[in-house]
Every structure is written in C-alpha cells, then in structure tokens.
Amino acid sequence: MITGKNYIGNKLSAKGSVTHHTINPKLNIETPTPFFEATIDEVNEAVDLAWGVFKEYRKVSGTRRAEFLNAIADEILALDQELIDAYTTESGLPEGRAIGERGRTVFQLRSFADLVAKEDWRENTIDEAIPDRQPLPKEDLRRTLIPLGPVVVFAASNFPLAFSTAGGDTASALAAGCPVIVKAHAMHSGTAELVASAIIKAAEKTGMPNGVFSNLMGRGRTVGTALVEHPKVKAVGFTGSIAGGRALFDLASQREEPIPVFAEMGSINPVVITSKAISNRSAEIAKTYAGSITLGTGQFCTNPGLILTVEGPKTQEFVNDLAEKTVAIEAQCMLHPNIKKGFVENGASVTSQAGVEVVGTIQGELDANYAASLIATVSGADFLANPKTSQEVFGPFSLVVRCKDEAELLEVINNLEGQLTGTIIAEEEEYGNLHDLVDALENRVGRIIFNGVPTGVEVCPAMQHGGPYPASTDSRFGAVGANSIKRWVRPISYQSFPKELLPEALRK
Ligand code: NAP
C-alpha cells in the first residue's frame, strides 16, 4: 500500500509538512497521495542508521547477502499488479514496458546475488612471503576489495524500476556490502515506496540489520544536497541530467572528505551510416532507426540522437524516408511535464541553429505530455561550427549530419563530447577501411555497436554502460553488469598478517 511516507530503515516516517504529488502524465493530473518530503532530521536519521549498521553489514557473508538480494527480487514480484499500476500511472509508460523493466530489475538483483555468493569478484590476490629473497626478504601480501560505506542512490526518472529504488546502483551497492539510502525521484514516489517496502520486507525476512536500506522522498534540491554533503555518506550513484549530475559531483568534491560520484548523464550516441550502406539498404535502415529513435518515447540514455553520414547519391532519399517512418509512429506520452518541456525547448534550440533544417515532425495538436517526434538535418560544416547543434534533445529526436567527406566525418567525431555509445552501420566489403573510424569512436565512447542500434542495454559482464565525460563522471566504471559493483569498493592489502586476523578468503 502506498502511504506517502519515507522509509527510515524499517520504520515509516513523515515528520515534515511539505508534500508533493506525482503526476499521471497521460491524463496530465496529479495522483491523489501526498508524499511527505524528508526533513533534514530524517535525512540525518537515515544516514546515521546506515552508518551504524555498516560495521555489521560489511561483515555479512556473500551467501547471506545473496539471500537478501534474491528475497528483494521475490518481494518485488509479489507486489504484482499494484506495482505495475503505480509504474504505468506515474510514468505514462505502457504495461508491457513495466513488466519488461520489472523482469530486468529482478534479473539484475539475482545476477548480483550469484556474483557475491562466490568470492572471486573481490579479485583476491595472494603474494606469499619469500623470506630468503636477496638482497631483501619479500613480505607476505594479500589484497582484497572492501565496501566503502553508506551509498546514496538518486533514482532515475526514465527507469522507475531498473535504475531506481532497487535498480542496478542499489543492487550492486547492497551486493558490495554498502548500506543504501535512495533519494526517490519525485515523479515516481509511489512506485519508489512500493519497491522500498519490498526491500524492507526482504531485509527483515533474511535478518539484515535495520538501516541497511532507507528511502527518502523529496522534490527540489534540499534532500539530495543534504545527503551528498553528509560526512557519513561515502559514495553516490546518479542517473539523470548533466546539470544535476555535475552539481552533485561538484558538491561531493568540495566536501572536507571528497567522495566519488558515479553519475551517468547525457549522451547523443552518434551513429555512422556509410553511404554504401545507405545505397544498399536505405529503407531497412530507416525503418530500424525510426523504431530506435522513438522507442520509449526516445527517453533512453542510449537514444540515437545523432546520425552521421558522408553525402552520397541516396542521402536525401534516406533522410526523407527516416523522417517519414519516424513521424508515422504514433506520438507517445513522455515521463513527466518537465521532460516534455525540456524536449520541446531543446528541440527548438537545436532546430533554430544556422543551417539546421527540420525534415519531419508530427503535426497538429497533441495531448499535453505527448511528444511530436522530430528529424532534422545539417551539414558537417555547420555542425562543426556551432556546439549548440550537438546539445542533447532527450526524447524522440535525431539530427542527421551530412558530411562532405570521410575526413569531415572523423573531425565531427573527434569534436564530440564523451558518449555512452557509438554505432557503425557498414557493408562487409568496407570493413577493411573502417580502422580510422573505429579509432575515433574508441576515443569518444564506452560501447561501439556494429550494424545494430544503441538502444537496448544487455545486462551481462561484458557490457560497458558509461563513457568519457559527460556521458559519465568516471569512464573507468559502468552502471550495468557485474563490474558495476567495483564502484562501491576499494582495495586493501594486508602485509605479514596472522592468518586468524585475515578475511576468511585470504587465509590460504
Ligand atoms: P535530473 O533533473 O538530473 O534529476 C535527477 C535527480 O537528481 C532528481 O532526484 C533530482 O531531484 C536530483 N537533482 C538534480 N539536480 C540536483 C541538484 N543540483 N542538487 C540536488 N539534487 C539534484 O533528471 P530528471 O528529472 O530525470 O530529468 C531531467 C532531464 O535529465 C531530462 O529532460 C533529460 O534531459 C535528462 N536525463 C537524461 C538521462 C540520461 O540517461 N541521459 C536520464 C534521465 C534524464 P529533484 O527532482 O527532487 O529536483
């Protein structure tokens, strides 16, 4: 049941008087439950509790943490239709997407359970002593990874389940041995509370210490700022805008004790389509990309917002076809009015720049939060001359950049900011000529896709979901897959240690 209250450990709490409502974006009305925003006292209480239990939780065995994560997955599934209804009401996303995202969330939790049930993720390394080494003896050294401490997770607006309350950041931090405090996204507070209740039930059923998880509501910056500034918080996970991620990163680095902020932010995900590929299969590529650009109303961090090609005989036909097929897909609802506002404003900003031409958009009146998909085009020279043309337009938008030759296309890539993904669409006979392109993309992105689409992020160990700034604040790490656990741990070495004082896995 949705109460509108915060979870501070296993206790429901509503000490404040400020409330907010979530919005049903399809109907453009507020939902009935008032959500009590956490007060500074409640923030402090949640962090103090997390800090207090860290001592115990960090020592909980991998097997027991795995039980906890699997229990969270079970409890999320047990919420059944109530969760699906809250999700669809608060996000405007369809039921199929809600069920799919719930499946992904459960899969992530179970994957981290499998990971921590075995010890090998800690990269345990043993360098035995060589007492008779000359000229000096070698000491016994043993290295492992240990959790950082309480982690604050900012829920993402565009993944109310998979990158939110029990999403990848929370699952990986709990798996690592860190207590988690979630700052719920104010536009899906009800979904957040339900998932939080599942985590609390799972913690109680598996005997985890009270305080291993808290969920705080808030709109505006007060709650988030207080959490990041709190001296007992030791790391932050964030998915959202560049402005938000950067503000929190700066805040964290200005603390007396700076802490890491793993922020996954903006990306326009360049897609290079060779003119030969356009000549050979223009219609097929246009169809595939119309689907990818509009998937989830374009509200994916991996949405293909930039298409690069060298001008060829069929370029115009391709651009027209892409626009026609994109616009033919029925307009869909955006997550909340602010996202819609950002889409309209940023789309208008890019399309008003010199040389940018709108090729197609949905015409006529749409319901308040529905998005009119938009395809625009610009020359390579105009794109290079004006950084405003590469601004992210979060939603169903893509800008086709028509370069005069290969050199200009490479210059465009070299001038881009860091990106989550880059994609190459090419014909087999061209593969030998693509080395420079691959080199250029390697320097700008975290994942390169060949003859596919960037939307769709498989959860598996080889996935990299992160990239050079501003795609993320630390390109050495990612927010998806087993390796994302490494964000919440640090290495420690034990030198010449008595066996009984070593962590069990290092006692060999
Ligand atoms: P957001 O504005 O960055 O907010 C995300 C979370 O961070 C919210 O909980 C927000 O709190 C908090 N926050 C933001 N700035 C903060 C600050 N300066 N201090 C403390 N807390 C702060 O993202 P959003 O609401 O999800 O969407 C807004 C825009 O972000 C979208 O239009 C889109 O452009 C972009 N976005 C990008 C991605 C991506 O993957 N690339 C994903 C989602 C959104 P409050 O809401 O309580 O203020």
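Small disclaimer: the values here were computed from a predicted structure and weren't measured. Start at 1 and go down the list; that is how both ligands and their atoms are numbered.
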Margin query: What I want to know is whether M265 and ligand 1 share at least one N or O pair that is separated by under 3.5 angstrom.
Written below: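 Between M265 and ligand 1 (N or O atoms, distance only) the closest approach is under 3.5 Å.
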Margin query: Below 4.0 Å, non-hydrogen atoms only: which portion of K183 touches ligand 1? Side chain, backbone, both or neither.
Written below: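 For K183, the contact with ligand 1 is made by the side chain alone.
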Check: Which of the listed options, S472, G220, A186, holds the heavy atom that is closest to atom 47 (O) of ligand 1?
Finding: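 Among S472, G220, A186, the closest heavy atom to atom 47 (O) of ligand 1 belongs to G220.
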Note to self: Judged on heavy-atom distance to atom 22 (C) of ligand 1, which of I268, T302, L248 sits nearest?
What the structure shows: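 It is L248 whose heavy atom sits nearest to atom 22 (C) of ligand 1.
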Next item on the list: Kindly assign one of parallel, tilted or perpendicular to the pair F262 and F477, based on the angle between their ring planes and the thresholds 30° and 60°.
Entry: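 The rings of F262 and F477 stand perpendicular, inter-plane angle above 60°.
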Check: Taking atom types as modelled and ignoring hydrogens, do the side chains of Y469 and R246 form a donor-acceptor contact shorter than 3.5 angstrom?
Finding: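 Looking only at side-chain atoms, R246 and Y469 do form a donor-acceptor pair, the distance falling under 3.5 Å.
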Notebook entry, point to check: Do the charged groups of D41 and K15 touch, with an N to O distance under 4.0 Å?
Noted result: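 Answer for the salt bridge query: no.
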Margin query: Suppose we measure from atom 37 (C) of ligand 1 to each protein heavy atom; which comes out shortest, and what is that distance?
Written below: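 Answer for atom 37 (C) of ligand 1: G240 O, 3.4 Å.
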Check: Who's the nearest protein heavy-atom neighbour of atom 40 (O) of ligand 1, and how far?
Finding: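 The answer is C301 CB, 2.7 Å.
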Next item on the list: Write out all pairs satisfying salt bridge (Lys or Arg N to Asp or Glu O under 4.0 Å) with one or both partners inside residues 438-460, taking only residues at least two apart or from two chains.
Entry: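 Found none.
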Check: Does the cation-pi check pass for R97 over F159, that is, NZ or CZ under 6.0 Å from the six-membered ring centre and within 45° of its axis?
Finding: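 Yes, R97 sits over the ring of F159.
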Item checked: Minimum-distance protein heavy atom relative to atom 4 (O) of ligand 1 ->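 The protein heavy atom lying closest is H185 NE2, 4.3 Å.
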Notebook entry, point to check: Taking distance alone, with no angle check, do S157 and ligand 1 share an N/O pair under 3.5 Å?
Noted result: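 For ligand 1, there is an N or O atom that lies under 3.5 Å from one belonging to S157.
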Item checked: atom 13 (N) of ligand 1 touched by protein heavy atom at under 4.0 Å ->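 Within 4.0 Å: no protein heavy atom nearby.
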Note to self: Give me the residue, atom name and distance of the protein heavy atom closest to atom 5 (C) of ligand 1.
What the structure shows: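 For atom 5 (C) of ligand 1, the nearest protein heavy atom comes out as F238 CE1, 3.8 Å.
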Check: Are R487 and D474 within salt-bridge range, i.e. N to O under 4.0 Å?
Finding: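 Salt bridge: no.
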